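Notes follow once the structure below has been shown.
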2 protein chains.
Amino acid sequence: MPGKATRARAAKPRRRSAEDRRRQVVAAAKRIVLRQGFEALTMRRVARLAGVSAAALYLYFPDRVSLMAAVADALFHGLLAAFRAALIRAEGNPDPRARLHAVMTAYLDWGLGHPDEYRVIFMTPITGVAGHRPGPPGVPAAPSGQATFQALQAEVARLIERGVFRPAEPQVVAEALWAAGHGLVALLITKPDFPWSPREALVGTMADALCRGFSADGTGLRAGSKPAAQRGEDRHAEADERDPRPGRSR
Amino acid sequence: MPGKATRARAAKPRRRSAEDRRRQVVAAAKRIVLRQGFEALTMRRVARLAGVSAAALYLYFPDRVSLMAAVADALFHGLLAAFRAALIRAEGNPDPRARLHAVMTAYLDWGLGHPDEYRVIFMTPITGVAGHRPGPPGVPAAPSGQATFQALQAEVARLIERGVFRPAEPQVVAEALWAAGHGLVALLITKPDFPWSPREALVGTMADALCRGFSADGTGLRAGSKPAAQRGEDRHAEADERDPRPGRSR
DNA sequence: CGTTCAGATGAACGCTGTTCATATACCGGC
DNA sequence: GCCGGTATATGAACAGCGTTCATCTGAACG
């Protein structure tokens, strides 16, 4: 508790080292995920890239999963940006379902386009399945993740209020939507050998079915044949800090 | 290829050692997953339980992921049994949607009831994300897994043929159903800290929405309030070889 | 009996997450 | 200006991981 503030100006440069090096470590870890991929996210590698010893990481994070959680939180901003961009893009659309469709396809496209980051955020297993204490029992695992989910939930609530969706608990519907999207991304990442149908057809079918399933009048996205064909050109629009990494193209 | 058969009776005990020890290793690995959990599935532990050295495992499996694939294949029979039991149970039901609902809830219940096995089968990441060659390029990763999926696909095709589901490619619909179910199970396993809605509500909402979304007439499972409430008593009916493992209850 | 050879092994390599005694550098108090 | 204390950082070490390899064993064959 160095808040005693050594009289005056000495407190500041010390403070910078305290919290800032933590951010610096997270930035190094983030860069490793982006450039070398998920498998390379190792304590020793992070330490090496951050220019510190491996033991020093344990001054800022109690263990590996805590660092991973911080990295996930940092990586989340990419998904959040894609989310927001999709919402803004579809804002003028009078059809409220189109907004949901935009959000869903944004989620799917981001996950499929950034599989390593997605694995860190949503597919890192809890170490012991049973061996995880909630830590500070008030704060959730990923703050910005919670925020993103609540954005989805708010969108769902709006749809229900306007009578577009059948009356239901917005939280349950939002969780189901999230889970469905996650399942698609996760399976495509984990089982690339499976003879999947074309991705556009899969994404379109999933989004259309869910929209139809939750709609009050049973209407899908477009009720037509190619509900998710118009987008597909501007897929890379939301990339903010892509980084070509060698030898891991696909 | 020792089929030369050393004259007579000597061939048999040799043959037993060849293919049978492979099965024995897989059985040991399976028992480890069931009793000690997913995290304990390591080469050295499997070897120790199987009564052989760690290096001996590499006489039967080229590397760890191949062993995991074999274990996954072995564990799949539990899910397959739950699948079949659900189908048989719902066979008398005249409503074809009920069959699909039974299959979906069987999948979800099995996955949520056997999280360690589920992680081996569906959530083990491909080692390098890019570093996986298809090996023998004709055989899929998990034979019985493929069979199970084709059972689902056949069920979907039947629904489409009878006009219950809207006309569509059965494979895409089956993949979407699988992905949605997987997403629910995977997220509940990976993110147990998230403030999820009650599981019954989640499962019911998901199953109903998908049924409604793919149905030709937009009809859900029961169109009522609690579509998944009648089952829930006979959840443990399909357990065939449960094994109470110490200290990992939840 | 001697040879051969598949099957099994112990030891080793390089890596992992994590801990701990030790060293360094900076700080307030004298 | 110097001293003692305290946070910060480190190298070395531990146990365990997947994997490889030279070596050993034991049964089958001529």
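These numbers were taken from a predicted model, which means no experiment stands behind them. When reading the values below, keep in mind they use all heavy atoms of this one structure, side chains included, and skip hydrogens, waters and symmetry mates. Letters A, B, ... are given to chains in the order of the sequence lines, protein chains preceding strands, and every chain is numbered from 1.
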Are OP1 or OP2 of D:dA9 and a side-chain N or O of A:Arg21 less than 4.0 angstrom apart?
-> yes
All ring pair (Phe, Tyr, Trp, His ring centres under 6.0 Å) counterparts of A:Phe61, not counting sequence neighbours | none
Quantified as the angle between the terminal helix axes (five pairs each), what is the overall bend of the helix from C:dC1-D:dG30 to C:dC30-D:dG1 to 10 degrees?
-> 20°
Taking only heavy atoms on the protein side, list every residue of residues 44-54 of chain A lying under 4.0 Å from any atom of DNA chain D, sorted numerically.
-> A:Arg44, A:Val52, A:Ser53
Does B:Arg84 have any side chain to side chain donor-acceptor pair (under 3.5 Å) partners at least two apart in sequence or in another chain, and if so, which?
-> none
Can you name the residues that form a side-chain contact (heavy atoms from CB on, under 4.5 Å) with B:Leu112, not counting sequence neighbours?
-> B:Val185, B:Leu188, B:Arg199
With DNA chain C as reference, determine whether A:Pro62 or A:Ala40 sits nearer its 5' end, using the nearest nucleotide of each.
-> A:Ala40
For this output row, return yes or no: ring centroids of A:Phe122 and A:Phe76 closer than 6.0 angstrom.
-> yes
For this output row, return yes or no: ring centroids of A:Phe149 and B:Phe194 closer than 6.0 angstrom.
-> yes
Could I get the full list of side chain to side chain donor-acceptor pair (under 3.5 Å) partners for A:Trp196, not counting sequence neighbours?
-> none
Just checking, any donor-acceptor pair under 3.5 angstrom between side chains of B:Tyr107 and B:Trp178?
-> yes
Checking A:Arg64, A:Met68, A:Arg119 against A:Thr124 for side-chain contact (heavy atoms from CB on, under 4.5 Å), the one that qualifies is A:Met68
